[in-house]
Structures are given as structure tokens and as C-alpha cells.
There are 2 protein chains.
Amino acid sequence: MTRKENRISEKTIERLSVYRRYLKDLNKKGKDRVYSHELSQIVSGTAAQVRRDLMEVGCNGCSSKGYEISLLIKEISKVLDCSKKENIALIGVGNLGRALLGYFSGARDNYDIVAAFDNDPAKYNRIICGRRCYSMEQLPNMIDELKISTAILAVPAESAEKEAQNLIDKGIKAILNFAPRHITTGSGVFIETLDMTSALEKAIYFSRKNT
Amino acid sequence: MTRKENRISEKTIERLSVYRRYLKDLNKKGKDRVYSHELSQIVSGTAAQVRRDLMEVGCNGCSSKGYEISLLIKEISKVLDCSKKENIALIGVGNLGRALLGYFSGARDNYDIVAAFDNDPAKYNRIICGRRCYSMEQLPNMIDELKISTAILAVPAESAEKEAQNLIDKGIKAILNFAPRHITTGSGVFIETLDMTSALEKAIYFSRKNT
DNA sequence: ATCACGCTGTGCAATATTTCACAACTCAAG
DNA sequence: CTTGAGTTGTGAAATATTGCACAGCGTGAT
Ligand SMILES: NC(=O)c1ccc[n+]([C@@H]2O[C@H](COP(=O)([O-])OP(=O)(O)OC[C@H]3O[C@@H](n4cnc5c(N)ncnc54)[C@H](O)[C@@H]3O)[C@@H](O)[C@H]2O)c1
Ligand SMILES: NC(=O)c1ccc[n+]([C@@H]2O[C@H](COP(=O)([O-])OP(=O)(O)OC[C@H]3O[C@@H](n4cnc5c(N)ncnc54)[C@H](O)[C@@H]3O)[C@@H](O)[C@H]2O)c1
């Protein structure tokens, strides 16, 4: 029994999130069982890959009848979710930040953007999309008070590294970064950068290269 | 000499885009040469990987002096860019769409969101972030007229598949999709889905699992 | 009861991607 | 000129990820 636990890969975690969202949809539509080949279509993979992913959450499938949807949702959630609702902080309430705030605050079961932060005094104490915008000075207190461990970073590229380091210093454990900057971290903090520009340039490239 | 050309991988294309952005920054700062190990830091890879990526664009490095930045930018651009400026369409001018429009229209060298489309009549003909919003009926004409081959899709999840198919039917060759839906396509159309929700859920998951 | 069918779980093969490691090269200093 | 430090280009190894294929099982039809 080494220290190296059964670690689920990043790719699998992403797919589990996608499966769950789809399963919740199916559930609402009244469906109660699903086959691996149905799930495979929504992630453009194979049925085998789906079954492998689902094995990671403690394999519930039954031959010939597929997987029970509500059970699957429960098992995936047991892996993805914390026991209590997760509090998220948004840093940078600009054009993108506001859209994210409107999208992610409230309405989700397992997490919620509970506070927004900006360094523009004009925004302090304003309520934006139902959430109050605080000054950066209030960040440490709020992190402690609300037990925030994950942050969304939507500040300009120039400030991204500085603010990321700031977040890490204050105890944040994961950052979803929208600034087009790679963020280096020695610590065990998880950083996911969603780089829309490179995604768009990739799309443009393949618009010419495919078929 | 088979039909199977020297195809550059998706991952490499993404990194080339990131390198180029960084190189342009360095260039502005007056730097004129760069080593592979410097570039490796901004993509959290190894120097060897960077050198491999750069070989794909026609290896320009010189031992002991590294790569010449302006040449590298030129060579990467030769791979990533089309000869003329690429015209992009935005479908869905909601909260996210407006942010994207503000961010991606104008100011870029090699591409530009030139037109926005929505199915909400209240938005028709309004100028948003400097770009006119058209009705969906005008899409085919604009695609032909402006030779648009890449589109950004920012419509609600329920409409995403339908509108994607619509785009494909009208001749679009690549789609950057922000709706949390997988889009299936038999044809050779390139589809990149940026799923912010699964990215956030991944971050939340690893906020607990790291270290 | 039996059989055929279709699905799951999984060992193993196949790919894809990354890293290692080193020969070859450049340059500056002595 | 020679040496040494430092870098590139790249074959080969190492990993990571995916796909194949089949045994085994549950189900419904006969
Ligand atoms: N808008 C988009 O669609 C889009 C697309 C791709 C990438 N991005 C990236 O997302 C980030 C945000 O983009 P945006 O369009 O919302 O920019 P924005 O300029 O509209 O908003 C930035 C916000 O961050 C605040 N801010 C600046 N420095 C700060 C700091 N040090 N601490 C806290 N807050 C700070 C500003 O006051 C402002 O409210 C940028 O890095 C941008 O490159 C945006
Ligand atoms: N806002 C965010 O930060 C965010 C984050 C993650 C994902 N998304 C996804 O991005 C997409 C857009 O999000 P949003 O917040 O901008 O939504 P939104 O409701 O603000 O905007 C949607 C826009 O699309 C238009 N529209 C609807 N159906 C259309 C159709 N068939 N053809 C053309 N236009 C149509 C609407 O009129 C509206 O203007 C959604 O799929 C959402 O799930 C958004």
C-alpha cells in the first residue's frame, strides 16, 4: 500500500463532469437508464472509454440494462463534490467577470460564486448579478470567513500572475484562470488556464486544414 | 508520398499560439533572442518539447544563441495564419457574446469578429462593441460576402446543436463553441468546445485533491 | 430451459504525447 | 587554436491515453 493512491486523471474528471450534466438532463426527461455507448457520443469517445471512466467512480453498470442514471449521478457527485456547497471567489469584475458572475452565481447545486473582488474603487460595494463586489483588501477575511478554496481569475493579463500569487498566499487551492498568461506555482495549487485566444486561433487554423 | 501530410497535432498548434503571443510581448520589450527553456516555462513543459514544437514550423534555432524572436514570430505566423485577415462571426450576443465581441473585435492582426448574429429582434441592427448585430436570416449572405469560415457560438445550450448544424450547412469550417453541449458532426468541420463548467468543476475537485 | 442478443468489465494492443539523453554545434575566453 | 559552458535537434525510452476484442452475464423470446 504505497502513498500513491488511485488518482483519477484530469481528463477523466472533466468527462465525469460532462457525463453528470448530461445525466441530469436525461433524468429530468424521465429516462432512468443509460448505456455507455449513449454517453460516449457526448464526449466523442468510445463506449469503452466511458465504461473505464465510470469504473473510477465505483462501477455500477449492469449487463444488458446499462447504468442506472440516478445512481450514477450520485456516485459521480460523490467523487466530484465536496460534502458541503463550495464557495467560489471571482477576482476581476470586468466584461468577462460579469458574464461569469451571472452564469455561475446561484442556481448550481454544489458550488456558488459568493463574492466578487476588484481593485477598481468605483466597483466597491456595488451589487453585480446579485453578488457584492469587495475590495482586494477584504479578500483574506472573506476567504477565511467563507472557507473559499477555489477562485476564478478574470483580471487583465498584466495583473494575472501577481493576483494569482496573492490568492495562493491567502490559501486558495485552485484557480480557474481566464487571463492569457501562464501561471507558475511551485506549491500544490491547481491552476487551470482557459485560453480563449489560443482556442480561437486553433479553430482558425483547423478551419483551413480539415478535409 | 502518401496523402497523409505532416500533420501538426492540436496540442502543438495551441502551444504555438501561446508561444507567439509571448514572443510578441518579448519583442515589444526589446528582446531579440530567446531560449527554448524560457519558452518552456510559459506552457509548463520541458525545453525539449518546445524545441519539438518549433521544429514543426521549420526549425530556426541556432546553438548557443537560441532562437531569433522576430523570425520565430514570422515562421509561427506562416503556419497559424491565413494569408489574409480572417473574418469571424459571432452567433449569440448575450452576456458572454458581448464580452467576446469586446475582446476579439478589432485590435488583432490576423483575425477579427466582423459580424454578430442573434435571433432576438430587439438586437437587430444595433451596434454592439463596434460591430453590427444581424438577424440569423442574414447569416448565409454574410458568410459568402465576407468569406467567413470560422464562427464563435455563444447561444444557449438548447440551441447550440441546431445552430451549429446551421453554420455547417452554410459552409462554416470551424466552430469555437461555448455552450455546454457536445456537437456532433460527420463532416470535416472542426469543433472546439470550451466548457467552462467542467473546467470549474475540475478546479473544485483538484482544490481538494492536490498535496 | 435454452438460446441468441447486447451490454459490461477489462487485459492487452495501439497511439499519442512527453521526457530523456546525447552528439553536434556556437561562441567567448584564454 | 583549444577548451569549456551552454544550446539545439532528435532518436529512443517512458508515460499517458485511447481503442480493440472478448469472456461473462442478464434478459427476453421461443
Ligand atoms: N472579455 C473576454 O471575452 C475575454 C476573452 C478572453 C480572455 N479574456 C481575459 O480575461 C481577463 C478579463 O477580461 P475582461 O474583458 O473582463 O477585462 P476588463 O478590463 O473588462 O476587466 C478587468 C477587471 O479586472 C479589474 N482589475 C484589474 N486589475 C486588477 C487587480 N490587480 N486586482 C483585481 N481586479 C483587477 C479591473 O478593474 C476590471 O474590472 C483578461 O485577462 C482578458 O485577457 C477576456
Ligand atoms: N455567461 C457565461 O459566463 C457563460 C459561462 C459558461 C458557459 N456559457 C454558455 O455560453 C452560452 C451563452 O451564454 P450567455 O450567458 O451569453 O447567455 P445569454 O442568454 O445571455 O445569451 C444568449 C444569446 O443568444 C441568443 N440566442 C438564443 N437562441 C439563439 C439562436 N437559436 N440563434 C441565435 N441567437 C440565439 C439570445 O437572444 C441571447 O442574446 C450558453 O450556452 C452558456 O451556457 C456562458
Side-chain angles (χ1 to χ4, degrees), chain A residues 2 4-19 23 26 31-69 71-72 75-76 79 182 190 192 198 202 206 209, chain B residues 2 4-19 23 26 31-69 71-72 75-76 79 182 190 192 198 202 206 209:
Chain A
T2 66
K4 182 190 199 322
E5 293 271 318
N6 171 23
R7 191 51 157 265
I8 304 180
S9 84
E10 273 193 49
K11 295 248 177 99
T12 294
I13 292 294
E14 262 176 49
R15 283 191 298 260
L16 286 175
S17 164
V18 175
Y19 298 148
L23 290 168
L26 289 183
K31 215 160 173 293
D32 65 344
R33 306 201 75 95
V34 69
Y35 297 123
S36 60
H37 68 259
E38 298 176 87
L39 286 173
S40 75
Q41 294 174 336
I42 64 159
V43 291
S44 39
T46 62
Q49 183 180 55
V50 172
R51 293 197 294 271
R52 274 212 148 67
D53 288 340
L54 296 183
M55 275 175 51
E56 304 270 20
V57 306
C59 134
N60 316 101
C62 279
S63 316
S64 147
K65 299 194 56 174
Y67 299 84
E68 190 188 326
I69 291 178
L71 185 57
L72 214 42
E75 293 296 327
I76 293 177
V79 172
H182 182 257
F190 179 84
E192 171 82 356
S198 72
K202 179 164 70 156
F206 283 107
K209 300 293 174 179
Chain B
T2 64
K4 183 188 199 320
E5 292 271 319
N6 172 23
R7 191 51 157 264
I8 304 180
S9 83
E10 272 193 49
K11 296 247 177 100
T12 294
I13 292 294
E14 261 176 49
R15 283 190 299 259
L16 287 175
S17 164
V18 175
Y19 298 146
L23 290 168
L26 289 182
K31 215 160 174 294
D32 64 344
R33 307 201 74 96
V34 70
Y35 297 124
S36 59
H37 69 259
E38 298 176 86
L39 287 173
S40 75
Q41 294 173 338
I42 64 161
V43 293
S44 40
T46 61
Q49 183 180 58
V50 172
R51 293 198 294 272
R52 265 198 167 23
D53 287 341
L54 295 183
M55 275 175 50
E56 304 270 20
V57 306
C59 130
N60 317 100
C62 279
S63 316
S64 147
K65 300 194 52 175
Y67 299 84
E68 191 189 324
I69 292 179
L71 185 58
L72 214 42
E75 293 295 327
I76 292 177
V79 171
H182 182 257
F190 179 84
E192 171 81 357
S198 72
K202 179 165 69 156
F206 283 107
K209 300 293 173 177

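As the structure is a computational prediction, the values presented were derived from the model and not from experiment.
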Exercise. Nearest-Å distance, NZ (A/Lys11) to C1' (D/dG19)?
Worked result: 14 Å

For this session: Please list residues of residues 57-68 of chain B whose heavy atoms come under 4.0 Å from any atom in DNA chain D, ordered by number; otherwise none.
Result: B/Cys59, B/Gly61, B/Cys62, B/Ser63, B/Ser64, B/Gly66, B/Tyr67

Exercise. Rounded to the Å, how far apart are A/Glu10 CD and D/dT17 P?
Worked result: 8 Å

Seminar exercise, completed: Of all heavy-atom pairs linking B/Lys65 and B/Tyr35, the shortest is C-CE2, 3.6 Å

Exercise. Tell me the salt bridge (charged side-chain N to carboxylate O under 4.0 Å, His left out) pairs involving residues 42-55 of chain A, sequence neighbours left out?
Worked result: A/Arg15-A/Asp53

For this session: Any salt bridge (charged side-chain N to carboxylate O under 4.0 Å, His left out) involving residues 31-50 of chain B? Give me the pairs, sequence neighbours left out, ordered by first then second residue.
Result: B/Lys31-B/Glu38

Exercise. For A/Arg7 and D/dT17, what is the distance between atoms CZ and P respectively, to the nearest whole Å?
Worked result: 12 Å

Seminar exercise, completed: Correct closest heavy-atom pair for B/Val43 and B/Tyr19 would be CG1-CE2, 3.7 Å

Exercise. Can you tell me how far P of D/dA21 sits from CD of A/Gln49, to the nearest Å?
Worked result: 17 Å

For this session: In whole angstrom, give the distance that lies between atom CZ of A/Arg51 and atom P of D/dA21.
Result: 13 Å

Problem set entry | Residues forming a side chain to side chain contact (heavy atoms under 4.5 Å, CB included) with A/Ser63, sequence neighbours excluded | none

Problem set entry | Presence of donor-acceptor pair under 3.5 Å, side chain of A/Arg52 and base of D/dG19 | yes

Problem set entry | For the student: nearest non-hydrogen atoms of A/Ser198 and B/Val18, plus distance | CB-CG2, 4.2 Å

For this session: Search all heavy atoms of A/Ser36 against all heavy atoms of A/Ala47 and return the closest pair with its distance.
Result: OG-CB, 3.5 Å

Exercise. With a 4.0 Å cut-off on heavy atoms, is A/Arg33 in touch with a base, just the backbone sugar-phosphate, or nothing at all?
Worked result: nothing

For this session: Please name all residues satisfying side chain to side chain donor-acceptor pair (under 3.5 Å) with B/Ser64, sequence neighbours left out, ordered by chain then number.
Result: none

Exercise. So where does chain B start and stop touching DNA chain C, 5' to 3', when the test is distance under 4.0 Å to a non-hydrogen atom?
Worked result: C/dT17 to C/dC27

